[in-house]
Trainee: 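Okay, here's the structure, questions in a sec.
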Number of protein chains: 2
Amino acid sequence: MNTELPKTVSEPTLKRLPLYHHFLKELLQREQEAVSCTDIGEELNLDPTQVRKDLEAAGISGRPRIGYATAAVVDGIERFLGWKKVSEAFLVGAGSMGSALLGYRKFEECGLKIVAAFDRDPAKVGRKIHGKHVLALDKLTDLAQRMHVLIGIITVPAVEAQAVADALVAGGVRAIWNFAPVRLRVPEHIIVHNEDLYCSLASLSQKLGQALEANPAEPVTARRLRTATLS
Amino acid sequence: MNTELPKTVSEPTLKRLPLYHHFLKELLQREQEAVSCTDIGEELNLDPTQVRKDLEAAGISGRPRIGYATAAVVDGIERFLGWKKVSEAFLVGAGSMGSALLGYRKFEECGLKIVAAFDRDPAKVGRKIHGKHVLALDKLTDLAQRMHVLIGIITVPAVEAQAVADALVAGGVRAIWNFAPVRLRVPEHIIVHNEDLYCSLASLSQKLGQALEANPAEPVTARRLRTATLS
DNA sequence: TAGATTGTTAATCGATTAACAATC
DNA sequence: TAGATTGTTAATCGATTAACAATC
């Protein structure tokens with residue numbers, strides 16, 4: 001009876017959809033009711049055909065000659081990305097990165113509600129960060145199970161990440177957003193997204209090196225000035 | 001005279017190299033002097049041929065039957081990624097995310113040295129975060145210019161990001177690591193890397209939604225228990 | 001009607017994977 | 001020598017881009 005085929009959508013497409021969403025929300029505020037792929041492409045520096053393909057993948061259609069109805073696209077993207085029904089998450093590791101994430105209020109508009117944080121450090125347990133309770137790490141699995149929390153966010157140091165992942169999986173979590181610079185070993189059916197800043201940085205670093213090689217800068221005299229300035 | 005052709009290396013490859021680096025450093029500590037692509041692939045769940053191709057792209061070669069010399073690979077990756085010569089960076093936006101990044105000490109091992117932070121907020125200016133001075137935002141361009149800083153890290157709110165990018169570019173920065181959820185408009189020769197958490201989250205969220213549709217969980221009775229537990 | 005824009009199919013491009021020869 | 005592993009070329013796969021028909 002279900003006509004919808006579970007065609008999977010490519011990662012690049014999934015990451016572009018929020019960009020469209022963001023732009024179209026702006027257009028909505030300016031009360032622009034229709035938009036073409038060309039408009040979107042120009043704003044975001046993307047090929048119009050690619051935009052059209054992405055929207056099609058998200059199940060959104062427009063009308064020849066008219067374009068897409070702005071509100072319909074916004075709504076369609078939200079629905080497609082699962083932003084309508086918010087999932088609860090536990091954040092593990094209330095360090096500086098964890099605390100920063102606890103402060104991202106817009107996550108809730110993107111289907112993610114962090115309901116509690118966990119930390120090993122007794123000094124942090126019992127406190128609140130950005131309005132969220134910090135609980136003891138050893139309660140993680142049990143609470144995840146009882147509360148049927150679906151998402152785990154890992155912001156602990158690398159060495160602890162695997163143990164935390166195990167605890168989350170034991171607690172029945174279905175997806176893990178991993179900020180620790182390690183590859184986690186988890187059962188196949190668990191969705192893992194790695195947010196490894198060192199990997200991103202590596203790519204930036206390499207490109208900068210290439211660019212500097214091709215077109216160096218910074219004469220030595222300037223270097224000397226620099227040292228004087230900072231110290 | 002320069003035999004090296006500036007063949008560009010793909011983004012996926014660049015992001016895998018740090019993974020190899022991390023694993024091989026571990027092997028080094030265990031004094032394992034040689035390693036095969038199969039070993040690496042098994043550890044990181046990657047195709048051995050892909051590993052070999054990646055290493056080749058980084059200009060690293062091994063020996064048939066023996067494998068790769070662990071130390072040589074570690075060194076080769078560091079050299080290739082530009083981790084040997086550290087570039088200085090300014091971080092703009094000393095909020096929670098900015099502060100978190102200021103605390104990442106390992107960045108220096110990856111070619112990135114954050115030398116100062118900037119913020120609009122007078123209450124933050126003059127203070128130190130993780131040992132780095134917070135300076136007034138209006139000094140950004142001038143200081144970047146005089147110190148020949150090459151990298152800018154943007155951790156300000158979305159609305160301010162473009163202005164900050166402009167200031168960084170005016171200051172002569174060559175690369176921008178952008179954590180604000182906006183697409184920046186910068187001259188062509190500037191390298192921009194977007195670290196848009198909402199885009200990453202979107203992809204996670206969509207996949208979770210798909211997975212839940214295929215295999216739902218969480219009976220209503222459990223939901224009720226949950227509410228009782230938290231409040 | 002004419003023209004702009006979507007929808008859709010085909011072509012291109014690039015990355016991954018497979019096959020196999022070279023080599024220690 | 002035999003066998004394991006690299007190096008390298010070919011095949012596959014998937015995403016992007018181009019071409020063009022359909023349509024309002």
Side-chain angles (χ1 to χ4, degrees), chain A residues 5-17 19-20 23-24 27 32-74 76-77 80 183 199 202-203 206-207, chain B residues 5-17 19-20 23-24 27 32-74 76-77 80 183 199 202-203 206-207:
Chain A
L5 26 156
K7 55 183 169 191
T8 76
V9 170
S10 79
E11 195 72 19
T13 294
L14 288 175
K15 293 202 168 166
R16 281 190 298 264
L17 288 172
L19 303 177
Y20 307 154
F23 175 49
L24 292 224
L27 292 188
Q32 186 179 322
E33 286 172 11
V35 65
S36 76
C37 290
T38 317
D39 297 337
I40 300 177
E42 272 172 12
E43 168 73 15
L44 299 168
N45 203 26
L46 296 170
D47 186 294
T49 306
Q50 186 169 66
V51 176
R52 206 172 303 126
K53 275 271 167 81
D54 287 343
L55 294 181
E56 197 213 325
I60 296 162
S61 58
R63 289 199 303 179
R65 157 89 220 192
I66 312 291
Y68 294 83
T70 317
V73 177
V74 167
I77 291 177
F80 181 76
R183 306 310 265 201
C199 292
S203 151
Q206 198 271 345
K207 283 181 194 155
Chain B
L5 25 154
K7 56 180 168 191
T8 75
V9 170
S10 80
E11 194 73 18
T13 294
L14 288 175
K15 294 203 164 164
R16 280 189 298 264
L17 288 172
L19 303 177
Y20 307 154
F23 174 50
L24 293 224
L27 293 187
Q32 186 179 320
E33 287 171 9
V35 66
S36 75
C37 290
T38 317
D39 297 336
I40 300 177
E42 272 172 11
E43 168 72 17
L44 298 168
N45 203 26
L46 296 170
D47 185 294
T49 305
Q50 185 168 66
V51 176
R52 207 173 300 125
K53 276 271 167 82
D54 286 343
L55 294 182
E56 196 213 326
I60 297 161
S61 57
R63 289 197 305 178
R65 156 89 219 191
I66 312 291
Y68 295 83
T70 318
V73 177
V74 167
I77 291 177
F80 180 75
R183 306 309 264 200
C199 292
S203 150
Q206 200 271 345
K207 283 180 195 156

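Residue numbering restarts at 1 for every chain, and letters A, B, ... go by the order of the sequence lines.
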Trainee: Rounding to a whole Å, what distance do you find between A:Glu11:CD and C:dG14:P?
Mentor: 21 Å
Trainee: How far apart are the closest heavy atoms of A:Thr70 and A:Gln32, and which atoms are they?
Mentor: OG1-O, 2.6 Å
Trainee: Just compare C:dT8, D:dG3, D:dT17 and give me whichever is closest to any side-chain atom of B:Arg65.
Mentor: D:dG3
Trainee: Which nucleotide wins on minimum distance to the side chain of A:Pro12, given the candidates C:dT8, D:dA15, D:dA18?
Mentor: D:dA15
Trainee: Specify the residue among A:Arg63 and B:Ile66 whose closest nucleotide of DNA chain D lies further upstream toward the 5′ end.
Mentor: B:Ile66
Trainee: Could you tell me how far apart A:Leu14 (CG) and D:dA15 (P) are, to the nearest whole angstrom?
Mentor: 10 Å
Trainee: So which nucleotide from D:dA15, D:dG7, C:dT17 ends up closest to the side chain of A:Ser10?
Mentor: D:dA15
Trainee: Based on Watson-Crick and G-U pairs with both distances under 3.5 Å, what dot-bracket line describes DNA chain D 5' to 3', crossing pairs as [ ] and inter-strand pairs as |?
Mentor: ..||||||||||||||||||||||
Trainee: Once you round it to whole Å, what is the distance between P of C:dA4 and CD of A:Glu42?
Mentor: 14 Å
Trainee: As a quick check of understanding, evaluate side-chain contact (heavy atoms from CB on, under 4.5 Å) for B:Glu56 and B:Lys53, giving each step before the final call.
Mentor: CA-CA 5 Å; B:Glu56 196 213 326; B:Lys53 276 271 167 82; 4.3 Å; yes
Trainee: Roughly, in whole Å, what's the span from CG in A:Leu55 to P in C:dG7?
Mentor: 9 Å
Trainee: Check whether the side chain of A:Lys53 and the base of D:dT16 form a donor-acceptor pair under 3.5 Å.
Mentor: no
Trainee: Any idea which of D:dT8, C:dG7, D:dA15 is nearest the A:Arg52 side chain?
Mentor: C:dG7
Trainee: Let me know the distance between CG of A:Leu46 and P of D:dA15, rounded to the nearest Å.
Mentor: 16 Å
Trainee: Looking at C:dC24, I'd like to know if its phosphate oxygens (OP1 or OP2) sit under 4.0 Å from a side-chain N or O belonging to B:Tyr68.
Mentor: no
Trainee: Is the number of heavy atoms from other residues, nucleotides or ligands within 6.0 Å of CD (B:Glu33) greater than 12?
Mentor: no
Trainee: With A:Tyr20 as reference, evaluate A:Ile40, A:Ile60, A:Val74 under the side-chain contact (heavy atoms from CB on, under 4.5 Å) test and give the passing residue.
Mentor: A:Ile40
Trainee: Rounded to whole angstrom units, what separation is found between the CD1 atom of B:Ile60 and the P atom of D:dG7?
Mentor: 11 Å
Trainee: Whole Å only: how far is the CD atom of A:Gln50 from the P atom of C:dG7?
Mentor: 16 Å
Trainee: Which atom names give the shortest non-hydrogen contact between A:Pro48 and A:Cys37, and what distance separates them?
Mentor: O-CB, 3.5 Å
Trainee: Any idea which heavy atoms bring A:Asp39 and A:Phe23 closest together, and the distance?
Mentor: O-CE2, 4.1 Å
Trainee: I need the minimum non-hydrogen distance between A:Ala34 and A:Ile66, along with the two atoms involved.
Mentor: CB-O, 4.1 Å
Trainee: Counting side-chain heavy atoms from CB outward, which of C:dA15, C:dT23, D:dT8 is closest to B:Pro64?
Mentor: C:dT23
Trainee: Mind checking B:Ser61 for me? I need base, sugar-phosphate or nothing, with any heavy atom below 4.0 Å counting as a touch.
Mentor: sugar-phosphate
Trainee: Can you tell me which nucleotide in C:dG7, C:dA18, C:dT5 comes closest to the side chain of A:Ser36?
Mentor: C:dT5
Trainee: For the CD atom on A:Glu11, are there more than 12 heavy atoms of other groups (residues, nucleotides or ligands in this structure) within a distance under 6.0 Å?
Mentor: yes
Trainee: In whole angstroms, how far is the P atom of D:dT17 from the CG atom of A:Asp54?
Mentor: 11 Å
